[in-house]
Amino acid sequence: MREELKRHFPFLSERQLDLYEQFAREFLSWNEKINLISRKDTENLFVHHILHSLAIAKVCEFKPMCRVLDIGTGGGFPGLPLAIMFPQTEFVLVDSIGKKIKVVEAVSEALGLQNVKPMQTRAEKVQEKFDFIVSRAVTNLEDFIPWTKGKFSKINYHDLPNGILYLKGGDLKEELSKIKNQYNVYDIDTWFKDEFFQTKKVVYLKG
């Protein structure tokens, strides 16, 4: 894991690399108690969950003071791997299921992440403003977009205008044909060569 992270993200410090290793240990320990990912998938934690989450960082490098909302974070993906990478960006991780947020709280506390705010709530109830909203295939985009309404800051200071960065797999033509938002689709296997990423995308939708 460490060498692969260094190869893909050479700017990561040794401290950040240590945190990714600690994150994996903490997450797997919690996964024994609360089933967040399937037991069969635990050996693929790095590629299927951590590296997959970090594909978003290949599309947008969050700047200091940026605010990011992770909707339906589950066990902390993609929010926690991104929070380690961008320590000066504030991440609000929401999920309606209490036991999942309990894990996010415990893991972020164990890692000493000061830039993570876990919340047990539904996305529609979040009243704050954000630069970006991230998520990992919690539902189809047509249903997801209304959850983000009114949540974007009007001030843009990234190269990419404020919007949604959504991790999704498979053929998205039909799903995207129903979307009115301006969008771009990025193939993750452009950056990460593991077979797992062959059908995986980052979908950016302007907010």
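Reckoned from all heavy atoms, side chains included, excluding hydrogens, waters and symmetry mates.
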Salt bridge (charged side-chain N to carboxylate O under 4.0 Å, His left out) contacts in which one or both residues fall within residues 95-120, not counting sequence neighbours
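Qualifying pairs, neighbours excluded: K117-E128.
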Can a side-chain donor-acceptor contact be found between D41 and H48 if the only test is distance below 3.5 angstrom?
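The criterion, which ignores hydrogens and geometry beyond distance, is satisfied for D41 and H48.
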For Y183 together with Y204, are the ring centres under 6.0 Å from each other?
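For Y204 and Y183, the ring centres are not under 6.0 Å apart.
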For K149, does the NZ atom have more than 12 heavy-atom neighbours from other residues, nucleotides or ligands under 6.0 Å away?
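For K149, atom NZ is not crowded (no more than 12 foreign heavy atoms under 6.0 Å).
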Could you state the interatomic distance from [atom1] ([X]) to [atom2] ([Y]), rounded to the nearest 0.5 Å?
| X | Y | atom1 | atom2 | answer |
| --- | --- | --- | --- | --- |
| I71 | L93 | CD1 | CG | 11.0 Å |
| I145 | N140 | CD1 | CG | 9.0 Å |
| L5 | L19 | CG | CG | 11.5 Å |
| L45 | I37 | CG | CD1 | 5.0 Å |
| L51 | F192 | CG | CZ | 4.0 Å |

Side-chain heavy atoms of V107 within contact of V103, under 4.5 Å:
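A side-chain contact exists here, since the closest heavy-atom pair is under 4.5 Å.
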Got H158 and C60 here, is their nearest side-chain heavy-atom distance under 4.5 Å?
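Contact flag for H158/C60 side chains = yes.
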With a 4.0 Å cut-off on N to O distance, would you call K168 and E175 a salt bridge?
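Counted as a salt bridge, because a side-chain N and a carboxylate O are separated by less than 4.0 Å.
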Output yes when D187 and K201 qualify as a salt bridge under the 4.0 Å nitrogen-oxygen rule, no when they do not.
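Yes, D187 and K201 are salt-bridged.
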NZ or CZ of K6 within 45° of F9 ring axis and under 6.0 Å:
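Relative to the ring axis of F9, which defines the angle, K6 lies outside at least one limit.
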Residues in salt bridge (charged side-chain N to carboxylate O under 4.0 Å, His left out) contact with E21, at least two apart in sequence or another chain:
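Partners of E21 by the salt bridge (charged side-chain N to carboxylate O under 4.0 Å, His left out) criterion, ordered by chain and then number, come out as R2.
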Search all heavy atoms of F86 against all heavy atoms of F91 and return the closest pair with its distance.
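Taking F86 first and F91 second, the nearest heavy atoms are O-CE1, 3.8 Å.
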